[in-house]
Q: 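This is the structure I want to talk about, given as C-alpha cells.
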Amino acid sequence: MNSAPRPKSSATTRHVVSINNLSNREVETIFSVAQSFLDRLPDKSRSYRIGRSTSIASNAILASLFYEPSTRTRLSFESAMLRLGGDIITSADPATSSAAKGESLADSVRVIANYADIMVIRHPRDGAARLAAEYSPIPVINGGDGSHEHPTQTLCDIFTLKKKNKELKNLKVAISGDLKGSRTIHSFVYALARFGARIVPMPAPGMELPDHVHRRLQQEFRCKFDSGDGSIAALYHTPDEPHQPALFPGPDFEFSIKSYNSASEKVRKQKIAAVYVTRFQKERWTEKQQGYPRIDAKFLKDPKYSRASVLHPLPRVGELDASLDTDSRATYFEQAAYGVPIRMALISLLLGLEPGKTLATYEGGFNRSKFLLYDQPLPSGIRCGNHNCIVHEEKEAPYVRNKFYLMREEESAGGRLRCVYCESEMDQFVIANRKSKWYSTSTGDLAYVTQQNLKDYIVFAQEGDAIRNGYHSRRYGGSKRPRMAVGRS
Ligand SMILES: [Zn+2]
C-alpha cells in the first residue's frame, strides 16, 4: 500500500465535528443567533418553535449525507436550511448510494463539495466526520458519527438548559440511565463542565460514566468530585478560541479549589435544575440486568426535583413515562424543537450570513491542537485500537493515516495516544526511536518527544512489532540506560 496522499490544504474554512471544536464564546454566539431567529420568525402560539421562513440563505445549498438512517436529525437539518431560504440536496439511502458501490468517503466528499456550500454528515463509524472534514473545502457539520459525537444535539441540550435557567454556572444537572455508551451524554458532560454546571450522575447499574470520560473531566476540564453528594463540578473553565482544554494546573488552580470548597456546601443543598434522561438501548442491555431507571411521576415526587426540567434526546423507549408529557417539568418536546433554530444558527454562521457575527475560520477548518500531532502513513506503526474507528474502514485505507495526539502526563510520567479521528485513547504502546534504534515500553517516554524530534519517533502496538522492525529494547540492550533523544523541551 502506498502512503496516503495528503489532503490539499484549502483556503480557510470551519468544520464542527465535536462540541470541543467550539469555544465557549462561539457557543454563546450560536445561542444568540438561534434566539434571534426565534424572535424574528416566531410561532405566536409556541415560543420555542420557528414559525416562518427567511431568505438569507437563498444562494446556498446544504448537502445532507446520511450513511445510516436518522430521520429526525436529517429532517431537522433540512428544515433549518429551508427555513433559512436555502436549498438542500440529500443522500439518505446508503443502500443505493455510491458508498454501496465502494466509493470512499474521502472521494464522495470531494465530489459533493462541488455541488453544495455546506454539508452535514451522519456515519456509523467513529471519526468519520473528521475524515470527511479533512477532505472537504466547504464546512462540514457532524450529524453523529458512530459513538463519537453529535455536537448539534449537545448544542440543543445546552441551549434548552440555558433557556430554562439564566445561568449554567453551578446549575445542578442530573444525568440518568446509560452513561457508558451514550455519545450524547459524553459530549453533554464536557459541555456542562465547560460552562461550570454541576453534574450529578445517576447511572443504571453497570452503566457508569467510563473511566476515560472521568479522566478527561478531571484532567482537561478541571473537574472535581464532591464526595458529599457524588456530583462532579468544574473548578473553572477557559473560554479559549476555540476550546483548548489544559492538561496541567495553572496559577488559578489553588484559588479555584478554595472557591470550590466554599461554594460546594451551598450548591450541595440546591435542588436539581434538570434531569437528563438517556435513551434505553436494548442492544446494550442484557436480560439479566435489572433496574434500568425509569423516570415517571413517582420518581419526580422527591422534593429535590420539584423544579427540575426533564430533558431527553428522543426517541424514548419506555425509560420516560408518557404520562409525564402533561407535567409542566416535561421539556423534551421543546428541546427537540430547538434543534431547528440551533441548526439554523450554526449553518448561517458557518456560511457567514450573520452581519457582525462569525465563527473563526482556519486553514484546513480546525484550530491547531495544543497537543503534539503524531502523523504516520497507515501501514507503519500503531493503529487506532477502536475497531469502529474510520481508520479500520477498508475503503478509506488510502485516505486515512495513523494520527494521534500525544497526551503527556507530567506527574505520573505516563502517556496516552488520542486518535485524531475518533478521540479514543490508548495507554499501552511501544515508543521507538528511528535514529538510536531503541524501543521502550514505558509510555512516560512520550515526554522525550518534541516538535523538533517528532519525526524520529515511531509508535508500535506491541514489543514484537518493534523487534520485527529491527529495534532493540533499551532495557536489556546494554549496561547503561541509553538516552532516547534530547531531553525534554
Ligand atoms: Zn480512532
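Just so we're clear, the structure is a prediction, and the values are computed from it rather than from any experiment.
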Q: Has Glu208 got more than 12 heavy atoms of other residues, nucleotides or ligands less than 6.0 Å from its CD?
A: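 Atom CD in Glu208 is packed in, count exceeds 12.
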
Q: Are Tyr276 and Asp157 linked by a side-chain donor-acceptor pair shorter than 3.5 Å?
A: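 Yes, side-chain donor-acceptor contact under 3.5 Å.
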
Q: Can you tell if the side chain of Ile19 reaches within under 4.5 Å of the side chain of Phe188, non-hydrogen atoms only?
A: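 They are not in contact (no side-chain heavy atoms under 4.5 Å apart), so the answer is no.
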
Q: Would you tell me whether Asn386 and Asp126 have side-chain atoms, one donor and one acceptor, within less than 3.5 Å of each other?
A: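 The criterion, which ignores hydrogens and geometry beyond distance, is satisfied for Asp126 and Asn386.
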
Q: Of all heavy-atom pairs between Ile158 and Leu192, which one has the smallest distance, and what is that distance?
A: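 Closest approach of Ile158 to Leu192, heavy atoms only: CD1-CD2, 3.9 Å.
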
Q: Can you confirm if the NZ or CZ of Arg122 lies within 45° of the ring axis of Phe66 and under 6.0 Å from the centre of its six-membered ring?
A: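 Output no; distance or angle outside limits.
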
Q: Using 4.0 Å as the upper bound for N to carboxylate O, is an ion pair formed by Arg416 and Asp427?
A: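 Here Asp427 does not pair with Arg416 in a salt bridge, since their nearest N and O are not under 4.0 Å apart.
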
Q: Under 3.5 Å, side chain of Thr358 to main-chain N/O of Ala360, donor-acceptor pair present?
A: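 Pair absent, no side-chain N/O of Thr358 close to backbone of Ala360.
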
Q: Could you tell me whether Arg130 sits above the aromatic face of Phe366, with NZ or CZ closer than 6.0 angstrom to the six-membered ring centre and within 45 degrees of the axis?
A: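 Judged by the rule, Arg130 and Phe366 form a cation-pi pair.
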
Q: Under a 3.5 Å threshold, yes or no: a donor from one side chain and an acceptor from the other, between His123 and Glu68?
A: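 Distance-only check fails for His123 and Glu68.
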
Q: So do the side chains of Val275 and Leu311 get within less than 4.5 Å of each other, counting heavy atoms only?
A: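 No - every pair of side-chain heavy atoms lies 4.5 Å or more apart.
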
Q: Ring of Tyr190, cation from Arg216 - is the NZ or CZ under 6.0 Å from the centre and inside 45° of the axis?
A: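 Satisfied, under 6.0 Å and within 45°.
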
Q: With a 4.5 Å limit on heavy-atom distance, are the side chains of Thr160 and Tyr332 in contact?
A: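 No, every pair of side-chain atoms sits at 4.5 Å or beyond.
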
Q: If we only count heavy atoms from C-beta on, is the Ile141 to Leu346 side-chain gap below 4.5 Å?
A: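 Yes; the side chains approach each other to less than 4.5 Å.
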
Q: Look at Arg49 together with Glu334 and state whether they make a salt bridge at an N to O cut-off of under 4.0 Å.
A: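 Salt bridge absent between Arg49 and Glu334.
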
Q: Charged N to carboxylate O under 4.0 angstrom, Asp456 versus Arg434?
A: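 Here Asp456 does not pair with Arg434 in a salt bridge, since their nearest N and O are not under 4.0 Å apart.
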
Q: Are side-chain N/O atoms of Asp178 and Thr278 paired as donor and acceptor at under 3.5 Å?
A: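 No donor-acceptor contact under 3.5 Å links the two side chains.
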
Q: Test side chain to side chain donor-acceptor pair (under 3.5 Å) on Thr184 and Gln153 and set out the steps.
A: CA-CA 7 Å; Thr184 53; Gln153 176 70 53; over 6 Å; no

Q: With a sphere of 6.0 Å drawn around OH of Tyr115, does it hold more than 12 non-hydrogen atoms of other residues, nucleotides or ligands?
A: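 Count not over threshold, so no.
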
Q: For residues Ser187 and Glu149, is any side-chain donor paired with an opposing acceptor at under 3.5 Å?
A: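 Yes, because at least one side-chain N or O of Ser187 sits under 3.5 Å from a partner of the opposite role on Glu149.
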
Q: Just checking, any donor-acceptor pair under 3.5 angstrom between side chains of Ser70 and Arg74?
A: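 Side-chain D/A pair, Ser70 to Arg74: absent.
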
Q: Any side-chain donor-acceptor pair under 3.5 Å between Asp145 and His148?
A: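 Note: Asp145 and His148 side chains meet the donor-acceptor criterion.
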
Q: Should we count CG of Asp39 as having more than 12 external heavy atoms under 6.0 Å?
A: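 Yes, enclosed.
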
Q: Does Asp445 reach the side chain of Ser442, with side-chain heavy atoms less than 4.5 Å apart?
A: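 In short, these two side chains touch, coming nearer than 4.5 Å.
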
Q: Do the side-chain N and O atoms of Thr90 and Ser64 include a donor-acceptor pair separated by under 3.5 angstrom?
A: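 Looking only at side-chain atoms, Ser64 and Thr90 do form a donor-acceptor pair, the distance falling under 3.5 Å.
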
Q: Would you check if there is a donor-acceptor pair between the side chains of Gln376 and Lys403 at a distance under 3.5 Å?
A: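 No donor-acceptor contact under 3.5 Å links the two side chains.
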
Q: Without swapping roles, check the side chain of Asp43 against the backbone of Gly51 for a donor-acceptor pair under 3.5 Å.
A: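 Not a single qualifying donor-acceptor pair exists.
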
Q: I want to check something: taking the side chain as every heavy atom from C-beta on, are Tyr471 and Ser436 in contact at a cut-off of under 4.5 Å?
A: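 They are not in side-chain contact.
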
Q: Is it the case that the side chains of Ser348 and Glu354 hold a donor-acceptor pair, with the cut-off being a distance below 3.5 Å and no angle test?
A: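 Glu354 vs Ser348: donor-acceptor pair found between side chains.
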
Q: List the steps, then state whether salt bridge (charged side-chain N to carboxylate O under 4.0 Å, His left out) holds for Arg368 with Glu363.
A: CA-CA 9 Å; Arg368 217 183 126 112; Glu363 195 176 318; over 6 Å; no

Q: Are Tyr457 and Tyr448 near enough that their ring centres are under 6.0 Å apart?
A: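 No, the ring centres sit 6.0 Å or more apart.
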
Q: For the residue pair Tyr338 and Phe159, categorise the inter-ring angle as parallel (less than 30°), tilted (30 to 60°) or perpendicular (more than 60°).
A: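 Perpendicular: the ring planes of Tyr338 and Phe159 meet at over 60°.
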
Q: How about Leu349 and Ile30: do any of their side-chain heavy atoms sit closer than 4.5 Å?
A: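 Touching, per the 4.5 Å side-chain cut-off.
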
Q: Are any of the side-chain heavy atoms of His312 and Leu320 separated by less than 4.5 Å?
A: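 Of all side-chain heavy-atom pairs linking Leu320 with His312, at least one is under 4.5 Å.
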
Q: Which pair of heavy atoms, one from Arg279 and one from Glu319, lies closest together, and at what distance?
A: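 Taking Arg279 first and Glu319 second, the nearest heavy atoms are CA-OE2, 3.4 Å.
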
Q: When you check the side-chain N and O atoms of Glu28 and Asn24, is any donor under 3.5 Å from an acceptor?
A: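 The answer is no; no qualifying pair exists.
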
Q: Which is it for Phe404 and Phe371 under the ring-ring contact (aromatic ring centres under 6.0 Å, His included) test, yes or no, and what are the steps along the way?
A: CA-CA 9 Å; Phe404 300 95; Phe371 302 115; over 10 Å; no

Q: I'd like to know if Glu220 pairs up with Arg418 as an ion pair, taking the criterion as any Lys NZ or Arg NE/NH1/NH2 lying under 4.0 Å from an Asp or Glu carboxylate oxygen.
A: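 Answer for the salt bridge query: yes.
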
Q: Under a 3.5 Å cutoff, is there a donor and acceptor pairing between the side chains of Ser53 and Arg83?
A: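 Yes.
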
Q: Would you say Ser58 and Ser55 are linked by a side-chain donor-acceptor pair, where the criterion is simply a distance under 3.5 Å?
A: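 There is no such pair between these side chains.
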
